[in-house]
Structures are given as C-alpha cells and as structure tokens.
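By convention in this document, chain letters (A, B, ...) are assigned in the order of the sequence lines, proteins followed by strands, and residues within each chain are numbered from 1. Reckoned from all heavy atoms, side chains included, excluding hydrogens, waters and symmetry mates.
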Amino acid sequence: MAIHYAMSRSAFLDVKWAALHTVRESFSLEQHYNPYFELIAVTEGPVHLQAEEEKVVLHAGDTFLLRPWERHKGWNPAAQGGEFYWVQFAATPEPRPFDFAKDRLPVGLEAPHGPSDLRTVPAYRDETMIVPRRFRSSGRFHLLGLFEQLVREMDEAKGYYRYRSSLLLGTMLERLASDLLGHVRQETTLPASYVTYRSLVSLLDNQYPSSLTRETLEAQLDRKYEYLCGVFKKYAGMTIGAYVRHLRVQRAQYLLQATEDSVQSIAAEVGIADPFTFSKLFKKLVGRSPADYRNEIRNKPRCPDEG
DNA sequence: AATGGGTCGAAGCTTAGATT
DNA sequence: AATCTAAGCTTCGACCCATT
C-alpha cells in the first residue's frame, strides 16, 4: 500500500533548506521533525529511516517524502555510512494525501482524454500531479544531479538562489510524478472507442469551417453518425454540434480582434453563411454581439474573461 | 449599407433503448 | 462493450423588420 500526495502543478514552492547528510550514530538517536515537507533522495545506501512508526530501508536512488512535523530518525544504529540528500520545502496550496483506490484520478493521469482535449475548453486551472511518498525513479541519476545543483545553490546562496531552488525542486517533483505516471499508464488499456473519439476530435478541429455533414463524418470514420455523437458526448462531455459552435465562435473572436473583416465575411469564414444566424450564435456564447465584442477588445487591451 | 433581433419549419442532431 | 435504430428534440437559415 503505497502512499501518494496530490499537489497542484501550479503550486508555489518555497525551498527552505537543502543539504547532503551522512548517516552517523546520532541519526538513530535523535528524533527530527520540522514544519515543512521534506524530500529525501539516497545517494548511497542502505539508509534505515523510520518515519513515525513506519520503518523503511532506502537504497541508492530511492526517494522518500516526509510530511510536515513527521518525526523521523534512523532505526539501525549499526548501519552507518549511508548518504542522502534532503530538501525542506513549503508548497501552497499544500499537497494532500491521495488514494488511488478512492480518489478520482486527476486529468492527465487517467486515460488521456477529457475536456482538455478540446480546443475551446480552457486547461484545468488546478492540474494535479501525483507525487509518490516512496519511489525509485527511473531517472534517478538525473534526479540526484538536480539535488546536487540544489544543494550547491543553497550553499552559495547568491542572487535569485531561492527562485532557482524552487525551480529545481519543481523539476524534481515533476520528474517523480512523470515517472509514476508512466507506471500507471502501462497498466491502463485504452477503450477501443477512445481511438474513434480521438480521430473524431482531430477531424472536427481541422475541418470545422467547411461543410461537416453527417455523411462526411460517417464516410471518414466508418461509423454511424448517431454512434459518433454518443462517443463524443461520453469522452468530451459536450455534443459535437456544441463543440463545433464553440470552435467557430472562438475563431470568430480572433478574427474580430485581429482583422478588420466585416462580420459578414467572418461569418462566412467560420462556416456560417447567414450573418444573422452567426450573430445570434455569437451573442449566445459570448454574451455580446460581434460588433460589441470588437469594440470592447479594441478599447480594453485586456484578455477577455468570458466563458 | 451593415448589423441586430424575432419567428418558424425543414434539416440536422441527440439520446434512449435495441441489437450484435 | 461497441454499434445501430428510431423517435423526439434542437438548430440553422430564410423571411420578416428595426437600428445605426
């Protein structure tokens, strides 16, 4: 039963300290604890580490993540000479425990589908990565190299060293999470209908302005149109028509902003012949008419925030 | 002249349930 | 689980007119 932590990919990381530690007798005698997360990577094993009641033996390349305030020490006084890197850090928002059995897999970790596959849907604000508590990374030498750099940064402590340290830590955590993802993916087999879905999305993305009729789709994908609707809805969470409409409006938004084309010609370009119909659709999705939208964008060079 | 808005029916789309 | 069928729902765009 492995323990994992879910942490936001956009979490703010703050490295408190990093160092290389050589295991001596005192390591087994003293309890250590601190208010931060602490990531340990063993350079030379074995290291006998006890975290609260949990006793582990870590070998070269193994990593271990301690929770804030978690008491830890060595548990085998006879074993000396091991070495490990450690880095203490705070993360905002804080990583939380993650249970593969109970918690829903975050986007990107499950079979790689979902709304973020769709162009018009913004990427998830809180993309999560799963960091294992105890792990042996396939790129452990790379990881140890990063640790080495991190410790050097802390030792020299020049310029933007805290910023650079945070970046290094971020890379390390991402590395662990990616490796874990690789392991999980191998165990996951993709549903057959998912392949159909991907081809469908690709087709829609590339051909939405032209006349995408049900016959075209049926011919290109060799499936009944009604079935494609079902598959698309299942994976994307929205209907084909809705998606194409979003694509058209998004393209139109860009054209309104970047060109001086008339609403009529923009309507034609995104595949809606009737400008009246286009205008209505645009207002429905954006909340403003095309002309209003263009004026607003021109007057306020800020990013639009409508959904 | 260009654009925004309302109504309505045919065409197109979606979904529940059947079928393989 | 993947696919199809049939029924019912939704939308597009033609036709109006109003506003700038």
Side-chain angles (χ1 to χ4, degrees), chain A residues 100-101 104-105 107 109-121 184-301 304-307:
Chain A
F100 271 96
R104 207 178 154 275
L105 282 174
V107 172
L109 199 58
E110 58 187 351
H113 62 69
S116 55
D117 274 354
L118 303 179
R119 267 192 199 166
T120 64
V121 180
V184 173
R185 282 249 175 98
Q186 282 172 4
E187 297 158 15
T188 318
T189 45
L190 290 177
S193 56
Y194 175 70
V195 179
T196 308
Y197 164 71
R198 283 306 313 165
S199 340
L200 180 55
V201 172
S202 162
L203 207 57
L204 296 176
D205 280 349
N206 293 307
Q207 298 187 18
Y208 70 94
S210 64
S211 51
L212 263 179
T213 63
R214 89 189 258 150
E215 284 75 23
T216 317
L217 291 178
E218 286 191 342
Q220 300 216 33
L221 296 169
D222 194 26
R223 298 282 184 286
K224 278 286 170 190
Y225 179 77
E226 292 84 348
Y227 170 64
L228 294 176
C229 287
V231 169
F232 191 85
K233 184 74 184 277
K234 175 181 169 186
Y235 290 108
M238 66 167 67
T239 61
I240 293 177
Y243 179 55
V244 171
R245 264 171 261 130
H246 273 100
L247 278 177
R248 288 176 161 160
V249 167
Q250 212 169 52
R251 170 73 176 157
Q253 282 180 298
Y254 167 75
L255 290 172
L256 285 167
Q257 179 188 327
T259 71
E260 292 299 333
D261 297 352
S262 69
V263 173
Q264 189 158 3
S265 68
I266 289 176
E269 171 153 0
V270 299
I272 300 177
D274 179 23
F276 304 139
T277 304
F278 166 73
S279 173
K280 271 177 280 192
L281 173 64
F282 191 94
K283 185 155 192 180
K284 187 176 173 185
L285 293 184
V286 179
R288 281 153 288 177
S289 61
D292 281 355
Y293 177 81
R294 174 175 266 167
N295 290 333
E296 223 168 290
I297 286 296
R298 293 291 158 83
N299 297 336
K300 279 186 184 178
D305 60 346
E306 77 287 329

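- Between A/V201 and A/Y243 the shortest heavy-atom distance is CG1-OH, 4.4 Å.
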### Message
Return a single string for nucleotides 15-20 of chain B, one symbol per nucleotide in 5' to 3' order, where B is base contact, S is sugar-phosphate-only contact and - is none, cutoff 4.0 angstrom on heavy atoms.
### Response
B-----
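- Dashed line: the shortest gap from a side-chain N or O of A/S279 to OP1 or OP2 of B/dT3 is not under 4.0 Å.
- Between the CZ atom of A/R245 and the C1' atom of C/dC12 there is a distance of 10 Å, rounded to whole Å.
- No contact: A/L281 has no heavy atom under 4.0 Å from any strand.
- Between the CZ atom of A/F282 and the C1' atom of C/dC12 there is a distance of 18 Å, given to the nearest Å.
- With rounding to the nearest 0.5 angstrom, the CG atom of A/L228 is 15.0 Å from the NZ atom of A/K233.
- C/dA2 atom P lies 15 Å from atom CG of A/L200, rounded to whole Å.
- To the nearest 0.5 Å, atom CD1 of residue A/I266 and atom OG of residue A/S279 are 11.5 Å apart.
- In this structure, A/F278 atom CZ and C/dA14 atom P are separated by 16 Å, rounded to whole Å.
- The distance from atom NZ of A/K224 to atom P of C/dA6 is 10 Å, rounded to the nearest whole Å.
- Ring orientation note: the planes of A/Y293 and A/F282 are nearly perpendicular, at an angle over 60° on the 30°/60° scale.
- Residue A/L255 holds its CG atom at 11.5 Å from CD of A/Q250, rounded to the nearest 0.5 Å.
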### Message
Please encode protein proximity along nucleotides 15-20 of chain C as a string of B, S and -, counting only heavy-atom distances under 4.0 Å.
### Response
BB----
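- In the set B/dT3, B/dT14, B/dG5, the nucleotide with an atom closest to the side chain of A/A291 is B/dT3.
- Rounding to the nearest 0.5 Å gives a distance of 9.0 Å between CG of A/L281 and NE2 of A/H246.
- Listed pair A/K283 / B/dG4 fails the phosphate criterion, with no side-chain N or O lying under 4.0 Å from OP1 or OP2.
- Atoms CZ (A/F232) and C1' (B/dG12) sit 16 Å apart, rounded to a whole Å.
- Taking atom NE2 on A/H246 and atom P on C/dT11, their separation rounds to 12 Å, with Å as the unit.
- One axis for each end of the helix from B/dA1-C/dT20 to B/dT20-C/dA1, each built from five base pairs, and the angle between them comes to 40° at 10° resolution.
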